[in-house]
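Because only heavy atoms are used, hydrogens play no part in the values below, and waters and symmetry mates are left out as well, while side chains stay in.
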Amino acid sequence: PIGVNTTDFWNLAAYSSSNLYLTVLTEAGLIAGAAFLLIILKNIFVFQKEDLRKELYLPFLVLATLSFLLPFTTGVLVVLFVFLALLTPKNEYYSISLQKYAKIFLIATGLCAVIVGFYSLGKIYASDLFLRRSLYFANNNKFPEALSQARLALDLNPDSEQNYIYSSAIALSFAQSLISDKNATDSAREQAQTYYKQAINLAQRATELNPQNSDAWGQLAQSYQPFLSGQESRQNAGQLIIDALSKQIVLTPVSPLTKLNLGFLMLSLDDIDNARMLFSQAVNLKPDLNSAHYGLSQTYLAVKNYQSA
């Protein structure tokens, strides 16, 4: 909501719910959320104590509780629905009796779920540790070590767009540090170009994994920024940045920063009218954003409208 722009959290973005129930509610709507919660509550409170179902009730109750406390994962959802199916009243079962195998099935299913769950969570946790280490090294300008740790994070969790976004940012920072060195050699400049391209590839991968992640499009736009300085690549890079920032604006329509970034790009490309429109929108979304007022004044100065500036 636009009201967030008046709070201290105006520059934060959330991409997932904190638990399974909120995920269903936000992704499928109020009716689906209420129906899903009703199914869970029905199996918890309207429970007929039968031998087979008694053995399943406690683990189902634990799983349902954890689903309310932990972020959504596909594995948790699958196991939860398996328990829901097993907890169905007997008169809804097919006439195939597997009761004598229930304990074996339950133990085997539980062990498999625990092993797979711990293995998956362990990889994700280890990936997060390597990513944090990479950010620590990057903050201390130790970019080779940062990239090495980022690669380990990607190897452990290649399906996380956040890993690609941060890895892209690190590669971009490394390239910029090499270029900014006054004593940079030709070899260092060639190496910087390699990291610039790597930053673009990583950001593109993030947008492929989750096209709804606005940060991925923002990082992709930043990765193209260095190519604006080249005479031959300026026009092409400018269009690529416009495309990326436009998609980011669609995903975050109430964010003033996305409009601000695109506004400054349009200003640098001498597209004054579009720049003024974007800066005006940013001012309307967040009236106390000084950089938006500054950008708007620059558009008036560009056409020598000093009074409005």
Side-chain angles (χ1 to χ4, degrees), residues 11-16 123-181 184 187-230 233-252 255 257-262 264-265 268:
N11 197 25
L12 298 180
Y15 299 102
S16 63
K123 289 182 64 176
I124 293 173
Y125 181 72
S127 175
D128 288 342
L129 287 180
F130 284 122
L131 184 62
R132 291 181 185 181
R133 285 174 59 86
S134 71
L135 294 175
Y136 169 79
F137 284 126
N139 289 333
N140 289 277
N141 296 321
K142 298 180 179 179
F143 293 108
E145 294 89 343
L147 283 175
S148 176
Q149 297 295 307
R151 290 190 191 99
L152 292 173
L154 286 173
D155 289 341
L156 288 169
N157 191 7
D159 296 324
S160 170
E161 73 271 12
Q162 291 300 124
N163 284 355
Y164 286 93
I165 292 172
Y166 285 119
S167 298
S168 172
I170 292 171
L172 182 61
S173 297
F174 191 14
Q176 290 172 338
S177 70
L178 292 171
I179 290 293
S180 62
D181 187 357
S187 176
R189 295 181 185 279
E190 291 179 4
Q191 188 179 15
Q193 293 301 318
T194 300
Y195 286 120
Y196 278 137
K197 294 177 182 178
Q198 183 178 339
I200 292 173
N201 291 335
L202 290 167
Q204 286 177 333
R205 180 56 181 158
T207 62
E208 293 169 1
L209 284 172
N210 187 1
Q212 302 303 313
N213 190 322
S214 67
D215 286 343
W217 293 106
Q219 181 57 41
L220 182 58
Q222 288 185 22
S223 300
Y224 288 126
Q225 286 282 352
F227 295 94
L228 284 173
S229 58
S233 61
R234 178 177 176 82
Q235 184 175 359
N236 185 45
Q239 187 57 52
L240 290 171
I241 296 172
I242 290 172
D243 292 342
L245 289 178
S246 297
K247 291 178 180 178
Q248 189 180 26
I249 287 176
V250 171
L251 294 171
T252 55
S255 171
L257 280 184
T258 53
K259 294 175 174 59
L260 186 69
N261 292 334
L262 185 54
F264 278 115
L265 174 64
S268 69

Side chain to side chain, S160 and I124, heavy atoms closer than 4.5 Å: no
Indicate the atoms forming the closest heavy-atom contact of S223 with S168, along with that distance. OG-OG, 3.3 Å
Distance in Å, L154 CG paired with F130 CZ, rounded so as to fall on 0.5 Å steps: 12.0 Å
Can you find a pair of side-chain heavy atoms, one from F227 and one from I200, that are under 4.5 Å apart? yes
List the steps and the verdict of side chain to side chain donor-acceptor pair (under 3.5 Å) for N141 and S177. CA-CA 9 Å; N141 296 321; S177 70; over 6 Å; no
Derivation of the side chain to side chain donor-acceptor pair (under 3.5 Å) call for T258 and Q248: CA-CA 7 Å; T258 53; Q248 189 180 26; 5.6 Å; no
Crowding at OH, Y224 (>12 non-hydrogen neighbours, <6.0 Å): yes
Residue pair V250 / S246, side-chain heavy-atom distance below 4.5 Å: no
Matching residue for R205 among L209, T207, L202 - test: side chain to side chain contact (heavy atoms under 4.5 Å, CB included): L209
Closest non-hydrogen atom pair between L265 and G238, with its separation: CD2-O, 4.0 Å
Do F143 and S173 have side chains that approach each other closer than 4.5 Å (heavy atoms only, starting at C-beta)? yes
Look only at the side chain of S127 and the backbone of K123, and say whether a donor-acceptor pair between them is shorter than 3.5 Å. no
Find the distance between NZ (K247) and CD1 (I242) and round it off to the nearest 0.5 Å. 13.0 Å
Quick one: do L135 and R132 satisfy side chain to side chain contact (heavy atoms under 4.5 Å, CB included)? Show the steps, please. CA-CA 5 Å; L135 294 175; R132 291 181 185 181; 5.6 Å; no
Side-chain touch L262/I241, heavy atoms, less than 4.5 angstrom: no
S167 and L147, any side-chain heavy atoms less than 4.5 Å apart: no
Ignoring hydrogens and geometry beyond distance, is a side-chain donor-acceptor pair present between T252 and S214 at under 3.5 Å? no
Using the side chain to side chain donor-acceptor pair (under 3.5 Å) rule, take D243 and Q239 through it: C-alpha gap first, then chi angles, then the decisive distance, then the call. CA-CA 6 Å; D243 292 342; Q239 187 57 52; 3.0 Å; yes
Starting at CD of Q198, measure out to CG of N201 and round the result to the nearest 0.5 Å. 8.0 Å
Just do the side chain to side chain contact (heavy atoms under 4.5 Å, CB included) check on L172 and Y196 with the steps written out, would you? CA-CA 6 Å; L172 182 61; Y196 278 137; 3.7 Å; yes
I'd like to know whether L178 forms a side chain to side chain contact (heavy atoms under 4.5 Å, CB included) with R189, so could you lay out the CA-CA distance, the side-chain angles of the two residues, the decisive distance to 0.1 Å, and finally the verdict. CA-CA 7 Å; L178 292 171; R189 295 181 185 279; over 6 Å; no
Checking R133 now: which residues fulfil salt bridge (Lys or Arg N to Asp or Glu O under 4.0 Å) with it, not counting sequence neighbours? none
Parallel, tilted or perpendicular, as decided by the 30° and 60° cut-offs, for the rings of F174 and Y195: tilted
What verdict does the side chain to side chain contact (heavy atoms under 4.5 Å, CB included) test give for Y136 and Q149, after you've listed the backbone C-alpha separation in whole Å, the side-chain angles of each residue and the deciding distance to 0.1 Å? CA-CA 10 Å; Y136 169 79; Q149 297 295 307; over 6 Å; no
Is atom CZ of R151 surrounded by more than 12 heavy atoms (other residues, nucleotides or ligands) closer than 6.0 Å? yes
Within the side chain of S134, is there an N or O that forms a donor-acceptor pair under 3.5 Å with the backbone of L131? yes
Any side-chain heavy atom of I165 within less than 4.5 Å of one from N213? yes
On a heavy-atom basis, the closest approach of L156 and A126 is CD1-CB, 3.7 Å
Short side-chain donor-acceptor distance under 3.5 Å, Q222 and N261: no
Going by heavy atoms in the side chains, are L251 and Q212 under 4.5 Å from each other? yes
